[in-house]
Amino acid sequence: MSKELTSREADYSQWYNDLVIKGGLADYSAVRGCMVIKPYGFTLWENMRDVLDKKFKQTGHVNAYFPLLIPKSFLSKEAAHIEGFATECAVVTHYRLKSDPNGGGMIVDPEAKLEEELIIRPTSETIIWNTYKTWIQSYRDLPILVNQWANVVRWEMRTRLFLRTAEFLWQEGHTAHATPQEAIDETKQMLEVYAEFAEKYMAMPVIKGVKTANERFAGAVDTYTIEALMQDGKALQSGTSHFLGQNFAKAFDVKFASKEGVEEYVWATSWGVSTRLIGALIMAHSDDDGLIIPPKIAPFHVVLIPFLQKNVEERTAIEAKTKEIKTALEEKGIRVMLDMDDSKRPGFKFAEYELKGIPVRIVIGPRDLANGVVEVARRDTKEKSLVQLEGLEQTITQLLDDIQENIYQKALKFRDDSITKVDTWDEFISVLDGKAGFILAHWDGTSETETKIKELTKATIRCIPLDNPLEDGKCILTGKPSIQRVLFARAY
RNA sequence: CGGGGCGUAGCGCAGUCCGGUAGCGUAUCUGGUUUGGGACCAGAGGGUCGUAGGUUCGAAUCCUGCCGCCCCGACCA
């Protein structure tokens with residue numbers, strides 16, 4: 001009752017905010033645009049991070065760490081790159097405070113001005129390529145396959161919890177290669193890693209594709225993306241992998257001597273996913289009762305709620321049985337939250353853990369104990385059933401798999417039902433303003449047309465899907481010839 | 001930066017039009033009864049009313065400035 005949620009229908013944005021705040025994932029902070037990620041939200045992030053980190057290592061990458069602060073001049077070295085980030089950089093200008101001679105507080109010491117300002121990294125290509133210059137002389141030094149887990153700052157005008165905060169956590173992979181093909185293969189490989197993670201772990205179907213010039217990363221030759229669909233029909237770019245060509249190698253003069261003894265510029269990639277994925281997760285699956293988190297990354301798989309009676313004998317029996325169940329489940333690798341709090345009634349707890357999206361709830365009362373069963377409720381469908389204590393671990397393990405699969409299938413069906421092919425401008429508008437979702441339509445391939453469509457409708461080309469079938473057609477806006485449909489949507 | 005909304009107890013709000021020294025719900029603490037879908041009773045504690053100034057005998061309330069946050073838009077992952 002104290003935690004009434006706004007429904008999706010009433011106000012989708014507010015529903016999202018309610019879930020983040022009341023679900024205990026994050027809080028607003030004292031700093032504009034920056035959030036506090038609370039333990040429950042951070043555990044979720046850690047689970048996601050651990051899976052990804054393992055996949056990075058399996059594909060040959062190692063972790064390293066580069067500075068938060070970047071000399072301003074570094075950012076200016078790659079023309080497109082600075083163009084993309086200049087308007088959202090936080091700048092450090094001084095290195096000392098002093099007591100305010102006019103009052104109690106502190107002021108920036110005007111004597112302590114930095115000779116060269118430092119930028120708080122919005123991304124690390126520049127500092128990393130400046131470093132790689134010293135690491136690379138020969139083809140024998142290649143490839144370099146480095147990832148870093150870090151925070152970055154982008155001074156956004158408008159922020160939203162997880163989806164767009166001024167500071168966010170992410171990983172950024174930065175690789176250096178001797179040949180363009182090797183770099184392109186790396187770019188595509190990491191896109192696959194992201195897509196597999198999104199689908200297998202987050203239970204969130206994604207469309208893999210290439211960005212158009214308008215949507216490309218500042219400084220990239222090609223940007224590959226995974227695009228997910230949220231329940232309100234808007235798309236969310238959920239991860240990107242960039243083929244950087246020789247742009248940064250040229251900007252930072254990073255050359256290597258090839259086997260043939262010829263000096264060549266190094267080929268590069270970068271790729272990243274961020275805490276934005278948590279926003280994607282929330283909007284992909286959750287409902288009006290709260291979060292729905294897929295088991296594979298959920299902070300807890302199961303919440304155990306015993307009915308604690310006053311009768312000491314009964315109470316002791318239930319407590320003992322509950323702990324026994326907890327241990328048995330944990331031995332099978334199931335993450336269990338045990339709620340023995342006596343000050344809250346069961347009904348309250350049911351609602352609370354539904355809000356938090358714990359996939360499975362197990363309730364144990366005296367009645368159950370007598371019958372050798374427990375009540376098991378699944379968060380995704382809200383179904384309840386009585387389950388034999390005998391073999392409970394197997395039942396729950398199976399149930400968690402079922403839930404993971406069900407959440408994915410539900411999201412997949414929604415996503416597939418939300419892809420519409422249109423051939424005319426009128427259809428395009430009517431779908432955008434009606435069912436929304438992804439729209440496959442012909443486009444004449446020019447930046448001008450894409451920009452015009454964005455101005456008119458706020459829809460952008462999310463990507464040109466990989467393995468896109470070629471098909472002759474006419475651009476929905478200009479009527480000019482087109483060789484393939486591209487994927488449009490309004491996006492976050 | 002434009003438009004809208006809001007700042008009063010931990011949280012959510014009323015009170016502001018019409019000035020008289022702050023209230024409701026919830027949460028918290030104590031005690032008791034409860035416990036199979038957000039318990040109940042009794043008692044208690046908790047607020048420089050965002051901030052600075054002005055008007056007034058008297059300001060949460062009227063006037064002015066400032067600050068902050070949220071939502072919508074332009075910008076972006």
Spacing of the [atom1] atoms in [M] and [N] (rounded, Å):
{"N": "C76(B)", "M": "C18(B)", "atom1": "P", "answer": "48 Å"}
{"N": "A60(B)", "M": "A22(B)", "atom1": "P", "answer": "9 Å"}
{"N": "G50(B)", "M": "A59(B)", "atom1": "P", "answer": "15 Å"}
{"N": "A9(B)", "M": "A77(B)", "atom1": "C1'", "answer": "39 Å"}
{"N": "G46(B)", "M": "U61(B)", "atom1": "P", "answer": "24 Å"}
{"N": "A74(B)", "M": "G4(B)", "atom1": "C1'", "answer": "16 Å"}
{"N": "U26(B)", "M": "A39(B)", "atom1": "C1'", "answer": "14 Å"}
{"N": "C67(B)", "M": "U33(B)", "atom1": "C1'", "answer": "50 Å"}

Could you tell me whether [X] contacts a base, only the sugar-phosphate backbone, or nothing, with contacts defined as non-hydrogen atoms closer than 4.0 Å?
{"X": "T165(A)", "value": "base"}
{"X": "K344(A)", "value": "sugar-phosphate"}
{"X": "E156(A)", "value": "base"}
{"X": "K384(A)", "value": "base"}
{"X": "R361(A)", "value": "base"}
{"X": "L236(A)", "value": "nothing"}

Determine whether the side chains of [X] and [Y] contain a donor N or O and an acceptor N or O closer than 3.5 Å.
{"X": "D232(A)", "Y": "Y492(A)", "answer": "yes"}
{"X": "R8(A)", "Y": "Q231(A)", "answer": "yes"}
{"X": "T449(A)", "Y": "T446(A)", "answer": "yes"}

Protein-nucleotide distance ([X], atom [atom1]; [N], atom [atom2]), rounded to Å:
{"X": "Y28(A)", "N": "G10(B)", "atom1": "OH", "atom2": "C1'", "answer": "18 Å"}
{"X": "R32(A)", "N": "G7(B)", "atom1": "CZ", "atom2": "P", "answer": "22 Å"}
{"X": "L5(A)", "N": "G12(B)", "atom1": "CG", "atom2": "C1'", "answer": "14 Å"}
{"X": "K234(A)", "N": "G73(B)", "atom1": "NZ", "atom2": "P", "answer": "6 Å"}
{"X": "R164(A)", "N": "G73(B)", "atom1": "CZ", "atom2": "P", "answer": "11 Å"}
{"X": "E455(A)", "N": "A74(B)", "atom1": "CD", "atom2": "C1'", "answer": "12 Å"}
{"X": "I364(A)", "N": "U35(B)", "atom1": "CD1", "atom2": "C1'", "answer": "15 Å"}
{"X": "Q14(A)", "N": "C71(B)", "atom1": "CD", "atom2": "P", "answer": "7 Å"}

For this session: Answer yes when K208(A) and E227(A) have at least one side-chain N-carboxylate O distance shorter than 4.0 Å, and no when they do not.
Result: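 Answer for the salt bridge query: no.
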
Exercise. In terms of side-chain geometry, is the basic nitrogen of D339(A) or R361(A) positioned less than 4.0 Å from the acidic oxygen of its partner?
Worked result: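 Answer for the salt bridge query: no.
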
When you check the phosphate oxygens OP1 and OP2 of [N], does a side-chain N or O of [X] lie under 4.0 Å from one of them?
{"X": "N17(A)", "N": "C71(B)", "result": "yes"}
{"X": "R276(A)", "N": "A77(B)", "result": "no"}
{"X": "R345(A)", "N": "G36(B)", "result": "yes"}
{"X": "K211(A)", "N": "C76(B)", "result": "no"}

Closest to side chain of [X], choosing from [options]:
{"X": "F350(A)", "options": "A74(B), G37(B), C76(B)", "result": "G37(B)"}
{"X": "S13(A)", "options": "U35(B), C71(B), G73(B)", "result": "C71(B)"}
{"X": "P366(A)", "options": "G37(B), G36(B), A74(B)", "result": "G36(B)"}

Problem set entry | Within 45° cone of Y40(A) ring axis and under 6.0 Å: K356(A) NZ or CZ |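 Yes, K356(A) lies over the aromatic ring of Y40(A).
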
For this session: Please say whether the positively charged group of K77(A), taken as NZ for Lys or CZ for Arg, lies over the ring of F74(A), i.e. under 6.0 angstrom from the six-membered ring centre and within 45 degrees of the axis.
Result: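 Yes, K77(A) lies over the aromatic ring of F74(A).
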
For this session: Record whether the side chain of E354(A) comes under 3.5 Å of the base of G38(B) through a donor-acceptor pair of N or O atoms.
Result: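 No pair found.
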
For this session: Return the orientation label for the F66(A) and Y132(A) ring planes: parallel under 30°, perpendicular over 60°, tilted otherwise.
Result: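 Correct class here is perpendicular.
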
Return the nucleotide paired to [N]: Watson-Crick means purine N1 to pyrimidine N3 with N6-O4 or O6-N4, wobble means G-U with N1-O2 and O6-N3, both under 3.5 Å.
{"N": "U28(B)", "result": "A44(B)"}
{"N": "A60(B)", "result": "none"}
{"N": "A14(B)", "result": "none"}

Problem set entry | Nearest-nucleotide comparison on RNA chain B, the residue closer to the 5′ end among A377(A) and T87(A) |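 Going by which nucleotide is closer to the 5' end, it is A377(A).
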
